[in-house]
There are 2 protein chains.
Amino acid sequence: MAMPKAPQAFPRSEYLRRLSAVKTEMGRREVDLLVVISPANITYLTGYTSKSGYVPQALLVSFQEEEPTFITRRMDAPAGVHQMFIDRSRVVGYAEDLIANPEKDGWDAAIDLLLDSGHGRGCVAIEARFLQGPTIEKFRKRAPEAKLVDFGNAIDWIRGVKSDLEIIAMREAAKIADSAMHRAKEVIRPGVSEAHASAEIIAALIRGADGKVGTDVAPFHLCASPRTSTCHFSWTEDVFQDASQVNLEIAGVRHGYTSALMRTFSVGKPSDRLRQLHDGEAAGLEAALDAVKPGATCGDVAAAFTTTLRKHGFEKESRCGYAMGINWTEPTASLKLGDPTVLIPNMTFHLMLGNWIDEDLGYVISETFRVTENGVEVFGSFPREIVQI
Amino acid sequence: MAMPKAPQAFPRSEYLRRLSAVKTEMGRREVDLLVVISPANITYLTGYTSKSGYVPQALLVSFQEEEPTFITRRMDAPAGVHQMFIDRSRVVGYAEDLIANPEKDGWDAAIDLLLDSGHGRGCVAIEARFLQGPTIEKFRKRAPEAKLVDFGNAIDWIRGVKSDLEIIAMREAAKIADSAMHRAKEVIRPGVSEAHASAEIIAALIRGADGKVGTDVAPFHLCASPRTSTCHFSWTEDVFQDASQVNLEIAGVRHGYTSALMRTFSVGKPSDRLRQLHDGEAAGLEAALDAVKPGATCGDVAAAFTTTLRKHGFEKESRCGYAMGINWTEPTASLKLGDPTVLIPNMTFHLMLGNWIDEDLGYVISETFRVTENGVEVFGSFPREIVQI
């Protein structure tokens with residue numbers, strides 16, 4: 001029995017639509033072959049989410065052919081056959097002796113494939129930010145007659161506007177995040193260890209919601225007193241105390257699509273200063289959401305938040321959010337003062353209002369949303385409060 | 001109240017010992033300033049495990065100074081103050097406007113610090129494999145009088161031989177993996193969903209063992225029928241069936257130190273072919289462990305496995321394992337035919353005997369071990385069997 005195809009996360013027509021958008025950009029840039037390396041972009045174009053990107057692998061998109069070709073380590077090829085929408089003949093495994101081999105590596109196999117498929121004299125685009133200098137040099141040396149160009153983050157920009165099917169995945173992911181945040185409200189208690197609470201919350205993120213399982217564990221941050229001025233920390237060996245504050249950043253995941261959610265918890269009554277900051281942030285969040293509509297810019301959304309927060313006597317130094325989709329952040333638009341990106345329906349963002357004012361005061365709140373035809377749809381439904389335990 | 005220091009994972013003397021080993025290598029290479037970028041190497045030299053490495057950050061090790069200096073995004077600096085053994089004045093946060101800024105980024109701040117600290121004319125070593133070409137160009141351009149050299153994976157090689165304190169952390173991590181593997185044996189049942197079982201196993205990895213919590217979630221792979229020929233997959237929306245096979249790869253983590261463990265589960269009686277493969281692999285595993293002693297090479301260990309497996313009529317194409325420590329794989333020695341690395345006491349390896357023979361037959365078994373004065377210590381104690389449910 002050969003490896004069967006997995007139930008596909010999206011229909012073939014959806015992947016062909018995405019490829020078509022990428023090929024339009026290839027045509028504009030006169031690119032014959034695009035070497036996609038970003039794991040999120042490979043997920044976008046094929047449905048593949050297996051975690052083999054720690055070794056060289058690439059999706060080769062030919063302008064002339066309907067389906068792309070994937071080359072990866074041989075032991076990972078069956079996962080490609082199983083999960084990608086493409087024909088099994090288009091998943092190529094390279095020999096295991098290219099692993100931990102100082103002479104040759106998987107990029108050599110990718111270049112061989114590029115040459116064998118007749119693209120050695122064409123215009124070949126790479127995603128240079130995913131390649132080390134010597135690897136780019138290797139492409140130049142081994143395909144000297146190819147015109148090598150950088151495709152930059154063009155695919156990430158194309159991903160920025162979601163299809164209705166992608167929006168469904170992000171809604172499902174948000175329901176999972178909601179469900180796990182409710183679980184957090186049940187398990188954060190004085191005397192409970194941060195690790196125990198984290199185990200329960202992460203388990204909820206995996207079990208999912210409404211019969212849809214969480215398909216991955218996204219980055220998870222639980223920053224409890226005295227670490228509430230940190231933001232990318234995990235649980236420690238501590239137990240929650242009376243008067244502990246807990247800043248929680250979680251996300252649900254469906255087939256790579258990620259919806260994040262942040263809330264601040266207080267064991268007992270929050271301090272006056274934390275309450276004041278929350279009031280300003282919650283008002284700023286409403287103002288930012290009110291500013292979301294087609295035609296407004298990302299900068300406008302950030303300005304609405306910043307102006308409102310300032311009225312409450314606070315500043316936020318970091319940006320107010322970023323485009324979100326496959327594997328959390330998309331490296332494109334920021335909800336940042338001055339960002340000129342014009343909002344278009346079905347763009348999706350994490351309005352990330354975490355604010356680490358000083359070593360004594362840190363607070364988090366966030367929502368993941370999409371731009372609609374005339375405003376905004378917030379994916380989550382968890383109350384915008386300091387969750388008092 | 002300023003951010004307090006966390007309870008330190010290791011005493012100051014341990015970090016100074018590690019730094020001293022690195023400075024010896026710097027001296028040998030006549031390096032004045034080493035710019036450490038690898039997150040695992042930063043953990044090694046400071047204790048820092050917060051997840052801020054997705055933006056530019058660096059640990060600057062001066063040959064002349066006792067303590068290094070850490071530069072990171074401002075919102076992450078408090079985590080550095082909290083977790084690193086170094087003085088708080090040595091944790092520098094760069095401005096948030098360097099995030100998502102096409103003109104300047106955190107590397108500019110790191111180069112500013114390098115220049116301000118008087119190293120603009122010295123020999124500056126970087127870890128080039130963690131930098132994109134344009135960033136290396138930026139170092140060259142902005143510090144034109146510095147002699148820029150690549151430190152390669154020299155720190156990773158130094159990390160290869162563990163101290164007794166590091167071995168304790170790896171033993172603790174292995175107990176956590178054992179405990180979670182026992183949990184897997186309880187929860188893998190026909191009719192149970194892969195997601196539910198994964199939630200329980202991952203929760204066990206976080207709760208830890210013997211009062212020591214798992215401090216992180218390592219990569220987790222559960223490849224169940226019909227996906228037993230894949231290896232970097234996660235749970236799906238399927239439920240286990242009668243006759244399902246499950247290949248499980250997990251790891252416990254203590255303060256970054258990771259001990260991995262793989263076992264194959266069978267719901268009901270395993271097939272004859274799977275049983276034959278297991279017999280060969282288990283015998284090969286014993287032979288490999290018997291070959292471990294100071295003075296033997298990594299290649300000798302692989303040869304012992306390969307020869308024994310071949311007697312049972314099977315081959316394994318991929319390497320038999322790799323050096324293991326902080327954040328799973330160390331990019332140094334491989335348990336691979338011909339690898340000339342000579343074993344030294346307190347080197348630690350993941351003897352990874354996962355073998356994906358074809359699309360119908362995949363099997364996993366592994367142990368994490370250290371080289372002792374006269375042989376081997378296997379960290380885990382889970383039976384080396386096909387776990388029959």
Side-chain angles (χ1 to χ4, degrees), chain A residues 1-4 6-7 49-52 74-76 78-79 81-82 95-96 99-100 128-129 131-133 136 193 195-196 198-200 202-204 206-208 212-217 219-221 226-227 229-237 317-319 322 331 334 336 354 356 359-360, chain B residues 1-4 6-7 49-52 74-76 78-79 81-82 95-96 99-100 128-129 131-133 136 193 195-196 198-200 202-204 206-208 212-217 219-221 226-227 229-237 317-319 322 334 336 339 354 356 359-360:
Chain A
M1 188 191 77
M3 171 64 85
T49 60
S50 191
K51 300 292 172 56
S52 52
R74 190 171 297 162
M75 68 163 66
D76 290 302
V81 169
H82 185 60
E96 285 292 332
I99 302 297
R129 71 191 195 281
L131 295 177
Q132 295 162 24
I136 295 177
S193 74
H196 174 79
S198 298
E200 290 294 321
I202 289 174
I206 297 171
R207 287 199 186 95
K212 309 281 185 185
V213 311
T215 57
D216 203 352
V217 178
F220 171 95
H221 303 299
R227 283 169 290 281
S229 66
T230 70
C231 50
H232 295 109
F233 228 78
S234 291
W235 62 91
T236 71
E237 314 205 48
E317 190 193 6
S318 56
R319 61 181 171 169
Y322 38 77
S334 285
K336 181 174 174 172
W356 300 274
E359 291 190 3
D360 290 331
Chain B
M1 187 190 77
M3 171 63 85
T49 60
S50 191
K51 300 292 172 56
S52 51
R74 189 171 296 161
M75 68 162 69
D76 290 302
V81 168
H82 184 61
E96 285 292 333
I99 302 297
R129 73 191 194 280
L131 294 177
Q132 295 162 23
I136 295 177
S193 74
H196 174 80
S198 298
E200 290 294 320
I202 289 175
I206 297 171
R207 288 200 184 94
K212 309 281 186 185
V213 311
T215 56
D216 203 350
V217 178
F220 171 95
H221 303 298
R227 282 169 292 281
S229 65
T230 70
C231 49
H232 295 109
F233 228 77
S234 291
W235 62 92
T236 71
E237 314 205 48
E317 190 193 6
S318 56
R319 61 180 173 169
Y322 38 78
S334 284
K336 182 174 174 172
D339 185 300
W356 300 274
E359 290 189 4
D360 290 331

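Just so we're on the same page: letters track the sequence lines, and every chain starts at 1. Only heavy atoms go into these numbers, but all of them, side chains included; no hydrogens, no water, no symmetry mates.
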Q: Let me know if A:Ile202 has heavy atoms under 4.5 Å from chain B in its side chain, its backbone, both or neither.
A: side chain

Q: Return the option, out of B:Ser193, B:Ser229, B:Ala128, with the maximum number of heavy-atom pairs under 4.5 Å with chain A.
A: B:Ser229

Q.
If we define contacts as heavy-atom pairs under 4.5 Å, which of B:Cys231, B:Ser334, B:Gly133 has the most with chain A?
A. B:Cys231

Q | Side chain proximity check, B:Phe233 to A:His82, heavy atoms < 4.5 angstrom | A | yes

Q) A:Ser52, A:Pro219, A:Gly214: which one forms the most heavy-atom pairs within less than 4.5 Å of chain B? A) A:Gly214

Q: Can you tell which part of A:Ala95 gets under 4.5 Å to a heavy atom of chain B, answering side chain, backbone, both or neither?
A: both

Q. Is the shortest heavy-atom distance from the side chain of B:Arg319 to the side chain of A:Glu96 under 4.5 Å?
A. no

Q. Using 4.0 Å as the upper bound for N to carboxylate O, is an ion pair formed by B:Glu200 and A:Arg207?
A. yes

Q: Indicate the atoms forming the closest heavy-atom contact of B:Glu237 with A:Lys212, along with that distance.
A: OE1-CA, 4.3 Å

Q.
Is the shortest side-chain heavy-atom distance between B:Thr230 and A:Met3 below 4.5 Å?
A. yes

Q | salt_bridge(A:Glu317, B:Arg74) N-O dist < 4.0 Å | A | yes

Q) What are the two closest non-hydrogen atoms of B:Ala199 and A:Ala203, and how far apart are they? A) CB-O, 3.7 Å

Q: Identify which part of B:Ser318 has an atom lying under 4.5 Å from any heavy atom of chain A, answering side chain, backbone, both or neither.
A: both

Q. Who among B:Phe220, B:Trp235, B:Trp356, B:Tyr322 has the most heavy-atom pairs with chain A under 4.5 Å?
A. B:Trp235

Q) Counting heavy-atom pairs under 4.5 Å to chain B, which of A:Val217, A:Ile136, A:Asp216 comes out on top? A) A:Asp216

**Q.** Part of B:Lys336 within contact of chain A (heavy atom distance under 4.5 Å)
**A.** side chain

Q) Any idea which heavy atoms bring A:Ile206 and B:Ala195 closest together, and the distance? A) CG2-O, 3.4 Å

